[in-house]
Amino acid sequence: MPIRVLSEEVASQIAAGEVVERPASVVKELIENAIDAAATAIQVRVRRGGKEFVHVVDDGCGVPRDEVELAFHRHATSKLTTADDLERIATLGFRGEALASIASVSRMTFTTRASGETVGSLLRLEGGEIQIRREVGRPAGTAVTVENLFFNIPARRKFLRTDRTERRHIDQWVTRYAIAYPHIRFTLDHSGQNALQSPGSGELRDVVAAVYGPEIGEQALRVVSDIPGGQSDVRVAGLIGPPSFHRANRTYITVFVNGRWVQDPSLTYAVTQAYHRFLPTGRHPLAIVLLDLPPGDVDVNVHPAKAEVRFRDGDAVFRALQKAVRRTLLERARIPEAHGLVEPRQGAPGWPPSAVDGGDTAGRRERLIRLGGREAPADGQFRLASDTWGDRSGASIPPLRVIGQLRATYIVAEGPEGMVLLDQHAAHERVLFEQLLARREETEPASQSLLEPALVELGPEQADLVEGQSTLLARLGFEVEPFGGSTVLVRALPTMVAADEPDQVLEDAAMALRSGNEPLGIPLEALVARQVCKRAAIKAGQTLDHPEMEALIRALEQCDSPRTCPHGRPTMIRLTVRQLAREFGRS
Ligand code: ADP
Ligand code: MG
């Protein structure tokens with residue numbers, strides 16, 4: 001085929017395809033225009049997931065009469081004049097493409113009145129062609145109706161999903177903008193039913209309450225923005241969920257850059273990273289973060305839909321975000337030190353000497369020492385816990401008084417608010433895990449040489465893994481050498497498992513190493529450590545006496561994340577006095 005220039009019509013449909021992917025794109029573009037027009041209230045009404053009808057009304061500045069037709073020309077915009085302006089974009093729009101694109105693939109009615117004018121205009125377009133133009137009376141602001149999206153591009157229409165799916169995409173966009181612009185009152189209706197109503201109070205917390213429910217609205221932590229010594233130009237604000245709120249996926253992490261929602265895996269990762277050790281493995285927090293940086297430091301002109309941005313210094317943005325979230329958690333998610341309720345953690349507890357000496361691992365004395373942490377805080381306030389506790393965040397646990405053991409598996413204890421049950425295995429796993437990792441960071445690993453080096457026959461794949469990661473294993477206390485074939489020579493093991501069968505310990509380690517590329521973001525070392533601790537922790541069915549249980553609880557109090565085991569199971573659950581009273585019909 002010879003080369004030809006595409007007809008205007010085909011070219012504009014191709015261009016429109018980049019901006020308008022689905023009904024939600026229409027909603028997004030119209031909302032952006034309303035925000036740029038300084039609206040204080042934006043109403044969105046939708047039918048059939050937007051496929052049939054999208055209607056967006058704002059009370060913004062409106063379009064002057066003599067500019068209304070111009071607004072529908074491609075690359076016609078009031079937000080940009082020179083290429084230099086691209087360096088300092090402060091509006092959401094600037095490409096002058098949305099109205100032209102949407103109009104070319106739908107039947108559109110655009111009514112508007114500029115705030116300084118007495119008469120408004122109505123423009124009706126079909127497939128981009130103006131059908132009607134007349135004057136109308138209407139309040140200042142703009143109303144846009146988009147009907148029969150893609151009526152003239154059947155191929156596109158075919159790719160639209162169910163009403164429900166399209167509706168969900170619309171919900172997401174309206175929610176995002178409601179969050180990013182708390183001072184604007186957003187209303188969203190689907191077929192006459194209200195789906196979202198943000199108060200427009202200017203308080204992010206109010207919007208979060210409207211979107212995620214009042215409980216989250218109340219519990220979310222305000223991001224600590226002033227990082228001391230930070231000369232970064234990146235400002236971070238927002239609300240993040242307490243560690244007690246977590247979800248299986250990342251959809252509750254929302255990031256905005258200069259008022260624009262962005263999809264940036266590295267920024268999402270910065271948030272997740274900051275929660276490291278605050279959440280059970282594999283779980284994700286709720287976070288709404290608003291990044292502000294000088295417009296010249298971010299390029300928003302990467303993609304027609306503008307969901308991607310590019311930073312001049314991406315690392316600095318990553319660090320600023322991660323630091324702010326981390327600091328918020330450290331400062332606000334635990335009991336403030338100033339109250340003197342819980343002794344601050346001072347480094348990691350060292351290994352008790354007898355454990356290093358080895359010997360009878362089942363021996364009561366050693367178990368006691370192994371379980372032991374330091375003195376408990378004298379007094380404390382009951383906070384924290386897992387989802388089920390419904391309590392407000394807090395990474396520490398209150399002082400607990402041991403009452404006894406249940407089924408040789410659970411420790412029954414009393415806390416300031418009622419009864420607490422601890423899973424002895426999960427709790428001990430947590431204690432060992434943190435001790436092992438802290439120890440590795442601060443001094444040498446607690447390693448114990450075997451009286452006689454052991455030859456362990458592994459599978460070929462396992463042997464490869466173990467040999468390939470011998471440095472990592474050494475940091476945890478393993479001393480392993482290749483011995484030819486798939487046999488390895490084990491000279492030393494982490495002390496806590498030194499009395500176990502070397503082949504079983506090595507198999508555990510190999511298994512952890514192999515699972516390394518599955519879970520996202522868990523360092524290999526932690527995976528191996530987790531496995532070692534699982535083996536070393538006291539088991540269900542093991543009878544413990546009072547001092548042993550006390551020691552375990554004291555040690556758990558020293559942990560950074562005492563509420564979950566390294567695998568993410570809870571270490572404790574509680575029954576409050578109030579619940580008890582209710583059960584007994586006292587209240
Ligand atoms: P862009 O937003 O990139 O400028 P659009 O095609 O979305 O391009 O809009 C073109 C122009 O129409 C805008 O620059 C603005 O001047 C005007 N406009 C569009 N929607 C509105 C609105 N809701 N209120 C006021 N002006 C609007
Ligand atoms: Mg626009």
Side-chain angles (χ1 to χ4, degrees), residues 12-13 15-21 23-45 54-83 85-106 108-117 119-125 128 130 133 136 138-146 149 173-174 176-177 180-181 184-187 258-261 295 299-307 309:
S12 80
Q13 285 194 354
E18 291 187 337
V19 178
V20 189
E21 190 196 341
S25 337
V26 172
V27 171
K28 165 190 181 276
E29 294 293 339
L30 297 180
I31 289 179
E32 290 187 353
N33 282 347
I35 293 172
D36 285 345
T40 65
I42 301 176
Q43 279 175 46
V44 181
R45 293 204 335 248
V54 170
H55 183 66
V56 176
V57 188
D58 69 58
D59 62 350
C61 65
V63 182
R65 282 172 73 181
D66 55 356
E67 292 180 12
V68 174
E69 288 186 30
L70 196 55
F72 287 86
H73 280 255
R74 198 166 293 282
H75 312 305
T77 177
S78 59
K79 302 167 192 176
L80 189 74
T81 32
T82 67
D85 293 345
L86 272 175
E87 301 268 303
R88 37 175 184 275
I89 299 273
T91 49
L92 292 166
F94 58 85
R95 299 169 64 105
E97 282 187 322
L99 288 186
S101 296
I102 298 167
S104 75
V105 296
S106 70
M108 186 195 266
T109 311
F110 190 88
T111 57
T112 186
R113 177 163 75 80
S115 30
E117 298 183 335
V119 183
S121 332
L122 178 148
L123 214 59
R124 164 106 185 147
L125 304 95
I130 297 178
R133 153 135 211 191
V136 287
R138 60 154 289 125
T142 304
V144 187
T145 308
V146 176
L149 188 65
W173 274 113
V174 179
R176 286 167 190 153
Y177 278 119
Y181 296 86
I184 300 179
R185 197 152 34 81
F186 282 86
T187 312
N258 291 356
R260 201 183 287 283
W261 177 79
D299 183 1
V300 292
N301 195 16
V302 180
H303 185 264
K306 299 171 239 141
V309 295

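Atom set for the values below is all heavy atoms of this structure, side chains included, hydrogens, waters and symmetry mates excluded. Ligands are counted one by one from 1 in listed order, and the atoms in each one are counted from 1 as well.
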Peer 1: Under the side chain to side chain contact (heavy atoms under 4.5 Å, CB included) rule, what do Ile31 and Tyr181 come out as? Steps first, then yes or no, please.
Peer 2: CA-CA 11 Å; Ile31 289 179; Tyr181 296 86; over 6 Å; no
Peer 1: Taking side chain as C-beta onward, heavy atoms only, is Phe94 less than 4.5 Å from Val300?
Peer 2: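 SC-SC contact between Phe94 and Val300 confirmed.
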Peer 1: Looking at Phe94, which atoms of ligand 1 are within less than 4.0 Å of one of its heavy atoms?
Peer 2: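 Those atoms are 1 (P), 3 (O).
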Peer 1: Between Arg74, Lys79, Glu32, flag the one that comes closest to atom 2 (O) of ligand 1 by a heavy atom.
Peer 2: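 Residue with the shortest heavy-atom distance to the ligand atom: Lys79.
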Peer 1: Is there a side chain to side chain contact (heavy atoms under 4.5 Å, CB included) between Val26 and Leu149 once you walk through the steps?
Peer 2: CA-CA 9 Å; Val26 172; Leu149 188 65; 4.0 Å; yes
Peer 1: How does Ala37 reach ligand 1, if at all, at less than 4.0 Å between non-hydrogen atoms: by side chain, backbone, both, or neither?
Peer 2: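 Near ligand 1, Ala37 shows its side chain, while the N, CA, C and O stay back.
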Peer 1: Record the part of Glu29 in heavy-atom contact with ligand 1 below 4.0 Å; permitted values are side chain, backbone, both and neither.
Peer 2: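 Answer for Glu29: neither.
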Peer 1: Where does Leu99 meet ligand 1, judged by heavy-atom distances below 4.0 Å: at the side chain, the backbone, both, or neither?
Peer 2: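 Near ligand 1, Leu99 shows its backbone as well as its side chain.
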Peer 1: Any carboxylate oxygen within less than 4.0 angstrom of a Lys/Arg side-chain nitrogen, looking at Glu117 and Arg65?
Peer 2: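 A salt bridge is absent here (no side-chain N lies under 4.0 Å from a carboxylate O).
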Peer 1: Could you pull out all donor-acceptor pairs under 3.5 Å where a side-chain atom in residues 99-106 meets a protein atom, sequence neighbours excluded?
Peer 2:
unit_1, atom_1, unit_2, atom_2, d
Ser101, OG, Arg74, NH1, 3.2
Ser101, OG, Glu97, O, 2.8
Ser104, OG, Ser101, O, 2.9
Ser106, OG, Ile102, O, 2.8

Peer 1: When you measure from atom 20 (N) of ligand 1 to each heavy atom in Ile35, Asn33, Val63, Val57, which option holds the nearest one?
Peer 2: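 Looking at heavy atoms only, the winner is Asn33.
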Peer 1: Any chance you could measure Gln43, atom CD, to Arg185, atom CZ, to the nearest 0.5 Å?
Peer 2: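 One gets 8.0 Å once the value is rounded to the nearest 0.5 Å.
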Peer 1: Of the backbone atoms (N, CA, C, O) and the side-chain heavy atoms from C-beta on, which set of Leu92 has a member under 4.0 Å from an atom of ligand 1: side chain, backbone, both, or neither?
Peer 2: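 It is neither part, as no heavy atom is under 4.0 Å.
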Peer 1: Kindly indicate, with the supporting measurements, whether the criterion side chain to side chain contact (heavy atoms under 4.5 Å, CB included) is fulfilled by Val146 and Leu30.
Peer 2: CA-CA 10 Å; Val146 176; Leu30 297 180; 4.2 Å; yes
Peer 1: Below 4.0 angstrom from a heavy atom of Ala71, which ligand 1 atoms are there? Numbered from 1 as shown, please.
Peer 2: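 Contacts of ligand 1 toward Ala71, numbered from 1: 10 (C), 12 (O).
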Peer 1: Relative to atom 15 (C) of ligand 1, which among Ala103, Ala114, Ser115, Ser78 owns the nearest non-hydrogen atom?
Peer 2: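 Nearest option to atom 15 (C) of ligand 1, by heavy atoms: Ser78.
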Peer 1: With sequence neighbours left out, write down each residue that passes salt bridge (charged side-chain N to carboxylate O under 4.0 Å, His left out) with Asp59, or none if nothing qualifies.
Peer 2: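 Applying salt bridge (charged side-chain N to carboxylate O under 4.0 Å, His left out) to Asp59 gives none.
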Peer 1: Once you restrict to heavy atoms under 4.0 Å, what part of Ala76 touches ligand 1? Side chain, backbone, both or neither.
Peer 2: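 Near ligand 1, Ala76 shows its backbone, while the atoms from C-beta on stay back.
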Peer 1: Answer yes or no for Gly62: is there a heavy-atom contact with ligand 1 below 4.0 Å?
Peer 2: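 Per 4.0 Å heavy-atom rule, Gly62 contacts ligand 1.
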Peer 1: Is the shortest heavy-atom distance from the side chain of Val44 to the side chain of Tyr177 under 4.5 Å?
Peer 2: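 No, side chains not in contact.
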Peer 1: Consider every N or O of Gly93 and every N or O of ligand 1, then say whether any pair is closer than 3.5 Å.
Peer 2: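 In fact, backbone or side chain, Gly93 has no N or O that close.
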Peer 1: State the CH2-CD distance between Trp173 and Glu29, to the nearest 0.5 angstrom.
Peer 2: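 Interatomic distance, Trp173 CH2 to Glu29 CD, rounded to 0.5 Å: 8.5 Å.
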Peer 1: If I take every N, O or S atom of Asn33, is at least one of them less than 2.8 Å from the Mg ion (ligand 2)?
Peer 2: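 Asn33 does place an N, O or S atom closer than 2.8 Å to the Mg ion (ligand 2).
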Peer 1: So, is Ala98 polar-close to ligand 1, with some N/O to N/O distance under 3.5 Å?
Peer 2: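 Yes - when backbone and side-chain N and O of Ala98 are compared with those of ligand 1, one distance drops under 3.5 Å.
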Peer 1: List the steps, then state whether side chain to side chain contact (heavy atoms under 4.5 Å, CB included) holds for Met108 with Phe72.
Peer 2: CA-CA 11 Å; Met108 186 195 266; Phe72 287 86; 3.3 Å; yes
Peer 1: What do you reckon, does Asp36 have a nitrogen or oxygen under 3.5 Å from a nitrogen or oxygen of ligand 1?
Peer 2: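 So ligand 1 has no N or O lying under 3.5 Å from an N or O of Asp36.
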Peer 1: Can you sort out which atoms of ligand 1 are near Arg95, meaning under 4.0 Å from one of its heavy atoms?
Peer 2: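 Those qualifying, in numeric order: 3 (O).
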Peer 1: In terms of atom number and element, which parts of ligand 1 are under 4.0 angstrom from non-hydrogen atoms of Glu97?
Peer 2: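 The list of qualifying atoms is 6 (O), 8 (O).
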